[in-house]
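Got a structure for you, written out below as structure tokens; questions coming shortly.
Model, not experiment: these values are computed from the prediction. Order of appearance sets the numbers: ligands from 1, and atoms from 1 within every ligand.
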Amino acid sequence: MITDGKELDAREQALVAVTREAGELAREFFAKPIEIKLKGKQDYITEADGQVERMIISRLKARFPGDAFLGEEGGADGKSDRLWVIDPIDGTANFAHAIPHFCVSIAFMAGSELALGAIAAPMYGELYRARLGRGAFLNDRAMRVTDTDIKQAVVELGWSSRRPVRAYTSLIERVLATGATFLRAGSGALGLAYVAAGRTHGYCELHINSWDTLAGLLMVREAGGWTNDFLGSDGLTRGNAVLACAPGLKDALVAATGVGQANEKLERRIS
Ligand code: LIP
């Protein structure tokens with residue numbers, strides 16, 4: 001299994017180049033009228049999602065023909081312990097409504113190890129990246145989470161129709177009861193990247209998919225933050241609840257959100 005050395009250097013370089021290129025392709029689609037469909041309640045898909053994903057996979061497959069791929073639109077492709085996890089456009093609802101808050105998110109798993117991650121936010125001119133044990137960067141500047149008092153904390157709370165509305169509204173109430181404030185911006189990947197960059201202090205969502213989260217989770221950890229065990233109980237293929245935050249806020253946010261508690265598995269069965 002690779003977690004360092006030449007093989008990972010080559011994948012890191014390819015990852016950054018392909019993520020940047022995919023961001024530019026997404027920006028081109030953003031600027032023109034495109035076909036938009038609903039694949040579920042408030043769950044959008046556009047022709048850009050498929051095209052960007054196919055471009056990413058064809059570039060990476062050309063360089064690493066033996067690797068496997070898991071994409072939001074195309075699903076699983078290939079069997080290998082070298083796995084690329086891809087979200088061609090995260091924040092598709094924003095993208096579909098001409099709101100520039102969206103990104104491309106790609107992560108690389110070496111066996112069970114989350115080894116690489118990159119996120120391109122083309123409308124902001126931002127490229128985020130991280131490598132296990134090597135730190136996290138925004139436009140090549142090192143990122144660090146920002147710790148603060150819970151009463152001054154900004155916590156992003158993601159929502160989707162995959163969980164009951166009541167579960168979400170009570171999550172908001174519990175987080176507001178800590179004295180923190182919340183926001184929802186519609187891209188889980190960017191939400192996690194903002195925690196790593198120290199712009200916000202936490203990100204929580206009661207169910208989210210691995211392609212939305214893995215790159216951002218590695219960035220938060222490499223930027224000195226804490227995250228729950230998202231990949232536990234088959235989070236890679238089934239998704240899971242996610243909580244990521246500055247270390248000083250962990251206890252308060254684990255208690256308020258219920259994510260990351262010892263009995264997290266129990267919670268999954270209930271919801
Ligand atoms: C989105 C996530 C967001 C979540 C949405 C959706 P998509 O991903 O980034 O956090 O709340 O339901 O899953 O569909 O735009 O790639």
Which atom of A189 lies closest to which atom of C103, heavy atoms considered: CB-SG, 3.7 Å
Of all the heavy-atom pairs spanning I86 and I106, show the shortest one and how long it is.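 Shortest heavy-atom contact: CG1-CG2, 4.1 Å.
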Could E173 and R166 be called an ion pair, given the rule that one side-chain N must be under 4.0 Å from one carboxylate O? yes
N or O pair under 3.5 Å between S187 and ligand 1: no
Provide, to 0.1 Å, the distance between atom 14 (O) of ligand 1 and the closest protein heavy atom, together with that atom's residue and name. E72 OE2, 3.4 Å
Checking R11 against F64: charged group under 6.0 Å from the ring centre and within 45 degrees of the axis? yes
Can you see whether F29 has K32 sitting over its ring - NZ or CZ less than 6.0 Å from the centre and within 45° of the normal? yes
For H101 and F95, I'd like to know if the aromatic rings sit close, meaning centre-to-centre distance below 6.0 Å. no
Do the side chains of K39 and E72 get close enough for a salt bridge, i.e. N-O under 4.0 angstrom?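 Result for this pair is yes, salt bridge flagged.
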When you measure from the heavy atoms of I89 to every atom of ligand 1, does any distance fall below 4.0 Å? yes
Quick one: look up the protein heavy atom nearest atom 8 (O) of ligand 1 and list residue, atom name and how far away it is. D90 OD1, 2.9 Å
Find all atoms of ligand 1 within a distance of less than 4.0 Å from any non-hydrogen atom belonging to I208, and give their numbers and elements.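 Answer, ordered by atom number: 10 (O).
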What do we get for D212 next to ligand 1 when only non-hydrogen atoms under 4.0 Å count, side chain, backbone, both or neither? side chain
Proximal ligand 1 atoms for R162, defined as those under 4.0 Å from one of its heavy atoms: 12 (O), 13 (O)
For ligand 1, which is the ligand I care about here, please tell me if G91 has any N or O atom under 3.5 Å from one of the ligand's N or O atoms. yes
Heavy-atom distances under 4.0 Å decide this one: backbone, side chain, both or neither, for F102 against ligand 1?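 It is neither part, as no heavy atom is under 4.0 Å.
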Short side-chain to backbone donor-acceptor contact, H207 and R238, under 3.5 Å: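 Yes, H207 side chain to R238 backbone: donor-acceptor pair under 3.5 Å.
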Touching ligand 1 at all, Y203? Heavy atoms, strictly under 4.0 Å?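 So Y203 counts as touching ligand 1.
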For ligand 1, which part of Q42 has a heavy atom less than 4.0 Å away: the side chain, the backbone, both, or neither? neither
Numbered in order shown, the ligand 1 atoms found under 4.0 Å of a heavy atom of G188 are 2 (C), 3 (C), 9 (O), 10 (O)
